[in-house]
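A short write-up of the structure that comes next.
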Amino acid sequence: MKKPLILGSTSPFRREILEKLNLPFSCEKPEVDETPLDNETAYQLVMRLAEAKARAAGTQHKDAWVIGSDQVAVIDDEILGKPGNHDKAIEQLTAASGKKVTFYTSLCLLNTDTGESQVDVETFKVYFRTLNHKQIDAYLKAEQPYNCAGSFKSEGLGIALFDRLSGRDPNTLMGLPLIRLTEMLQAEGFDVLRAQADLAS
């Protein structure tokens with residue numbers, strides 16, 4: 001690769017998604033306060049945090065590409081955080097039952113050599129089935145998605161909660177928009193597909 005690739009996250013979900021591109025990378029934990037600012041929209045929040053995470057993770061790397069990302073779920077104009085426990089997850093999925101939940105997933109690619117960054121937000125819509133308490137409780141006990149925004153894992157049993165999905169890239173829903181990332185790398189002069197030949201040799 002032209003530069004080292006750094007993922008500014010310790011999320012196992014984002015790491016697994018980035019591994020799909022078959023590129024060498026390392027992970028850095030960004031120290032960033034994720035508290036929303038007063039009157040900050042979900043879109044503004046994730047845009048700000050993606051760049052903040054990339055810059056925080058890139059402080060020790062002078063010539064690298066650093067990826068920052070953040071995600072929030074929104075229902076009825078209210079931001080849903082990570083539930084953290086069973087009771088909060090019950091509340092979130094009960095509120096989502098029969099409704100549309102919009103996920104805003106931000107992406108920043110920072111070139112630490114130039115200090116320039118590309119920042120964007122991809123949206124993904126999830127339409128939930130009408131769910132009863134038994135279904136919600138059974139799902140949560142089976143998968144325990146308490147560290148996931150929206151209280152589900154779409155790559156697992158969570159798919160049974162949905163009526164339909166709408167979005168450009170299913171990786172966006174899982175936390176890292178890979179299609180957009182490959183476009184950002186291309187803008188930096190790095191072709192992900194052509195790189196595979198170099199990696200194989």
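Worth knowing before you read on, the calculation uses all heavy atoms, side chains too, and leaves out hydrogens, waters and symmetry mates.
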For [X], which residues count as a side chain to side chain contact (heavy atoms under 4.5 Å, CB included) partner, sequence neighbours excluded?
X      : result
Thr59  : none
Pro12  : Arg15
Asn132 : Lys134, Gln135

Members sharing Ile6's hydrophobic cluster, built from side-chain contacts under 4.5 Å between Ile, Leu, Val, Met, Phe, Trp and Tyr, are Val66, Leu110

Residues at least two apart in sequence or cross-chain that pass side-chain hydrogen bond (donor to acceptor under 3.5 Å, both in side chains) with Asp77, listed by chain then number, are none

By side-chain hydrogen bond (donor to acceptor under 3.5 Å, both in side chains), Thr41 pairs with (sequence neighbours left out) Gln44

Residues 42-65 vs salt bridge (Lys or Arg N to Asp or Glu O under 4.0 Å), sequence neighbours excluded, gives Lys3-Asp63, Glu34-Lys53, Glu40-Arg48, Glu51-Arg55, Lys53-Asp70

Could you pull out every donor-acceptor pair under 3.5 Å between side chains of residues 83-90 and any protein atom, sequence neighbours left out?
{"unit_1": "Asn85", "atom_1": "OD1", "unit_2": "Asp87", "atom_2": "N", "d": "3.2"}
{"unit_1": "Asn85", "atom_1": "OD1", "unit_2": "Lys88", "atom_2": "N", "d": "2.8"}
{"unit_1": "His86", "atom_1": "ND1", "unit_2": "Tyr146", "atom_2": "OH", "d": "2.7"}
{"unit_1": "His86", "atom_1": "NE2", "unit_2": "Asp137", "atom_2": "OD1", "d": "2.7"}

The complete set of ring-ring contact (aromatic ring centres under 6.0 Å, His included) pairs with one or both residues in residues 15-60, sequence neighbours excluded, reads none

Salt bridge (Lys or Arg N to Asp or Glu O under 4.0 Å) filter on Glu143, not counting sequence neighbours, yields none

Could you tabulate the donor-acceptor pairs under 3.5 Å formed by side-chain atoms of residues 184-193, not counting sequence neighbours?
{"unit_1": "Glu188", "atom_1": "OE1", "unit_2": "Trp65", "atom_2": "NE1", "d": "3.0"}
{"unit_1": "Glu188", "atom_1": "OE1", "unit_2": "Asn111", "atom_2": "ND2", "d": "2.9"}
{"unit_1": "Asp191", "atom_1": "OD1", "unit_2": "Leu193", "atom_2": "N", "d": "2.9"}
{"unit_1": "Asp191", "atom_1": "OD1", "unit_2": "Arg194", "atom_2": "N", "d": "3.0"}

Here the side chain to side chain donor-acceptor pair (under 3.5 Å) pairs for residues 166-176, sequence neighbours left out, are Lys20-Asn171, Glu122-Arg168, Arg168-Glu183, Asp169-Asn171

